[in-house]
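Here's the structure we're looking at; comments come further down.
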Amino acid sequence: MKSTSIHDKIIISTYKTDGLYFSVGISSLTHRIVGIALPHDGVSDSVAEISRLHQECEVSDEYIGIAKTISRIYKGEKINFELESLDLKVTGSKNIKSVVKTPFEREVLIQTAKIPSGDVRTYKYIAEKLGTRAYRAVGTALGKNPFPIVIPCHRVVKSNMKIGEYRGGSEMKKEILENEGVRIIRDRIIK
DNA sequence: TCACTGGCCACCT
DNA sequence: CAGGTGGCCAGTG
């Protein structure tokens with residue numbers, strides 16, 4: 001069986017601002033985003049975060065504008081991002097590996113995408129939207145979010161309004177939320 | 001199959 | 001308020 005992913009190539013573009021590097025990976029086949037890196041201090045770490053998940057990658061400036069847009073969201077600008085531009089499909093195939101692994105992860109991401117900038121929801125809220133009590137599984141799914149910043153997993157916090165964990169560290173989570181105008185005192189969201 | 005492991009939650013000291 | 005305990009359930013090997 002032929003895998004279409006054999007001919008797929010991921011283009012990785014990086015935008016630098018304020019000493020931070022933002023990378024985005026885009027499929028040359030589908031033209032959808034397949035990966036976003038959290039900001040890093042160096043360009044190699046930023047590129048590596050995306051490239052280690054894909055076999056064929058090419059570094060290019062082609063999509064630097066998208067990387068820049070992501071950096072602006074990080075800074076707190078309210079920018080509408082089409083969900084259509086993300087590769088959210090889930091394939092069960094062994095040959096063709098999708099970045100989103102299961103329907104559950106996909107639904108968690110879609111619910112999270114609805115949270116407006118400047119606001120937060122809880123892990124429990126997301127779980128209940130999916131009709132389950134798998135609160136922890138929601139956290140696990142968001143921990144694997146291939147599209148951080150654009151799919152705002154940083155806006156999902158604990159039920160007691162404490163910040164909770166983040167792949168880039170809770171300090172980074174706090175920083176993004178504050179950039180969006182969320183008030184935080186002693187690691188707790190103030191409504 | 002089955003026994004873990006978790007970006008959690010609620011409840012109890 | 002901090003820390004501990006049991007519970008929940010999707011993924012993983």
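Note that the structure is predicted; figures quoted are calculated from it, not measured. Per chain, numbering begins at 1; letters A, B, ... match sequence-line order. Heavy atoms only: backbone and side chains are in, while hydrogens, waters and symmetry mates are out.
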TODO: Could you check Ile151(A), Ile50(A), Leu88(A), Leu109(A) and say which one makes a side-chain contact (heavy atoms from CB on, under 4.5 Å) with Pro146(A)?
DONE: Leu109(A)
Open item on the list: By the 4.0 Å heavy-atom rule, please label Lys101(A) as base, sugar-phosphate, or nothing.
Closed with: nothing
Task: Beyond-backbone contact of Arg155(A) with Glu180(A), side-chain heavy atoms, under 4.5 angstrom - done: yes
- [ ] Could you list where the contact with chain A starts and ends along DNA chain B, reading 5' to 3', using a 4.0 Å heavy-atom cut-off?
- [x] dG6(B) to dA10(B)
Open item on the list: Quick check: closest heavy atoms across Tyr166(A) and Cys153(A), and the distance to 0.1 Å?
Closed with: CE1-SG, 3.8 Å
- [ ] Can you see which heavy atom on Leu130(A) is nearest to which on Val108(A), and at what distance?
- [x] CD1-CG2, 3.6 Å
Open item on the list: Counting only heavy atoms not in Asp41(A) (residues, nucleotides, ligands), do more than 12 fall under 6.0 Å from its CG?
Closed with: no
TODO: Nearest 0.5 Å please: distance from the CZ atom of Arg72(A) over to the CG atom of Asn179(A).
DONE: 14.0 Å
- [ ] Taking Ser28(A) for its side chain and Lys9(A) for its backbone only, find out whether a donor-acceptor pair lies under 3.5 Å.
- [x] yes
Open item on the list: Atom NZ of residue position Lys68(A) - does it have more than 12 heavy atoms of other residues, nucleotides or ligands inside 6.0 Å?
Closed with: no
TODO: Can you see which heavy atom on Ser170(A) is nearest to which on Gly164(A), and at what distance?
DONE: CB-O, 3.7 Å
Open item on the list: With rounding to the nearest 0.5 angstrom, report the CD to OG1 distance, Glu107(A) to Thr112(A).
Closed with: 10.5 Å
Task: side chain to side chain donor-acceptor pair (under 3.5 Å) partners of Ser23(A), counting only residues at least two apart - done: Thr14(A), Ser46(A)
Open item on the list: Within residues 123-139 of chain A, which residues have any heavy atom lying less than 4.0 Å from an atom of DNA chain C?
Closed with: Thr132(A), Arg133(A), Ala134(A), Arg136(A), Ala137(A)
Task: Partner set under ring pair (Phe, Tyr, Trp, His ring centres under 6.0 Å) for Tyr135(A), not counting sequence neighbours - done: none
Task: Donor-acceptor contact below 3.5 Å, side chain Asp187(A) vs main chain Lys162(A) - done: no
- [ ] Name all stems that contain residues of DNA chain C, defined as runs of 3 or more consecutive Watson-Crick or G-U wobble pairs, both distances under 3.5 Å.
- [x] B:2-6 with C:9-13, B:8-13 with C:2-7
TODO: Looking at every strand, decide which applies to Thr102(A) at a 4.0 Å heavy-atom threshold: base, sugar-phosphate, or nothing.
DONE: sugar-phosphate
TODO: Walk along DNA chain C from 5' to 3' and tell me the first and last nucleotide with an atom closer than 4.0 Å to a non-hydrogen atom of chain A.
DONE: dC1(C) to dT12(C)
